[in-house]
Amino acid sequence: MHFRKAAACFALPALITLSACGETATGGARDTEVSGEAAEAPARAETTEGPGFVMVPGLYAIGSNGTVYAKTKLDADGTYVDYNPQNVRVGSGTWDVDGASFCFNPRGEDGEAREKRCWDNDAANADGSFTTTLSDGSESYEITPLK
């Protein structure tokens, strides 16, 4: 899978750019932009299950080598919304913590569940960014909490 397409299809966060995964980019609520109030920097949470950064509600940029592929907004109610780099909504679903892994349960525009994907986060860097790796080790991205 092409790296950009893989990045666009990883639900992190995020990050289900449905147009890159074979879905259309038109219609309804998918054209909603990221609201300014979501831009609060997420707080850090402590974990006893591993050295990784525990993601909490907030807005995160997902990318690699300085390029942002998408943004994911985690809400306190356990839902998330993915946005493309232009802040247009491109996906959504639910999120949860499964042991030391952070998991995304994407939903299609038809409401149908998609494959659950779990990620393992490294410890946070001084700037709050961290690397996340798909639990099977096949994909990694840099995650940056946004203010």
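We count residues from 1, following the sequence as given.
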*For T67 and N65, what are the C-alpha separation, side-chain angles and deciding distance, and is it a side-chain hydrogen bond (donor to acceptor under 3.5 Å, both in side chains)?*
CA-CA 6 Å; T67 301; N65 298 320; over 6 Å; no
*Mind listing the closest non-hydrogen atom pair of F102 and N121 along with its distance?*
CB-ND2, 4.3 Å
*asked:* Using every non-hydrogen atom in the two residues, find where K71 and P85 come nearest and quote the distance to one decimal.
replied: NZ-O, 4.3 Å
*Can you tell me how far the OH atom of Y80 sits from the CG atom of D96, to the nearest 0.5 Å?*
10.5 Å
*Minimum heavy-atom distance Y60-L146, with the two atoms named*: C-CD1, 4.1 Å
*First locate atom OG1 of T131, then atom CD1 of I143, and finally report the distance between them rounded to the nearest 0.5 Å.*
8.0 Å
*asked:* I need the D122 CG to T133 OG1 distance, nearest 0.5 Å.
replied: 5.5 Å
*What closest approach, in Å, do L134 and R117 show between heavy atoms, and which atom pair accounts for it?*
CD2-NH2, 2.9 Å
*Just by modelled atom types, is the D75 backbone N or O under 3.5 Å from a matching donor or acceptor in the W95 side chain?*
yes
_Worked check of side-chain contact (heavy atoms from CB on, under 4.5 Å) between E142 and S64_ = CA-CA 5 Å; E142 182 177 317; S64 179; 5.7 Å; no
*Given S101 and D120, is the side-chain hydrogen bond (donor to acceptor under 3.5 Å, both in side chains) satisfied, shown in steps?*
CA-CA 5 Å; S101 297; D120 300 316; 2.6 Å; yes
*Checking N84 side chain against N87 main chain: does a donor-acceptor pair fall under 3.5 Å?*
yes
*Nearest 0.5 Å, what's the CD1-CH2 distance between I62 and W119?*
9.5 Å
*Quick one: does S135's side chain have a donor or acceptor within less than 3.5 Å of a partner on C118's backbone?*
yes
_With heavy-atom distances below 4.5 Å as the criterion, would you say the side chains of Y83 and K73 are in contact?_
yes
_Trace of the side-chain hydrogen bond (donor to acceptor under 3.5 Å, both in side chains) decision for S129 with T144_ = CA-CA 4 Å; S129 68; T144 304; 4.9 Å; no
*L74 and F104: side-chain contact (heavy atoms from CB on, under 4.5 Å), yes or no, with the steps?*
CA-CA 10 Å; L74 302 178; F104 291 89; 3.8 Å; yes
*Taking all non-hydrogen atoms of both residues, which atom of R107 and which atom of R114 are closest, and how far apart?*
C-CG, 4.3 Å
*Looking only at atom types and distance, does a side-chain atom of N125 sit under 3.5 Å from a main-chain N or O of D127, one as donor and one as acceptor?*
no
*Grab the two heavy atoms, one from M55 and one from F130, that are nearest each other, plus how far apart they are.*
CG-CZ, 3.7 Å
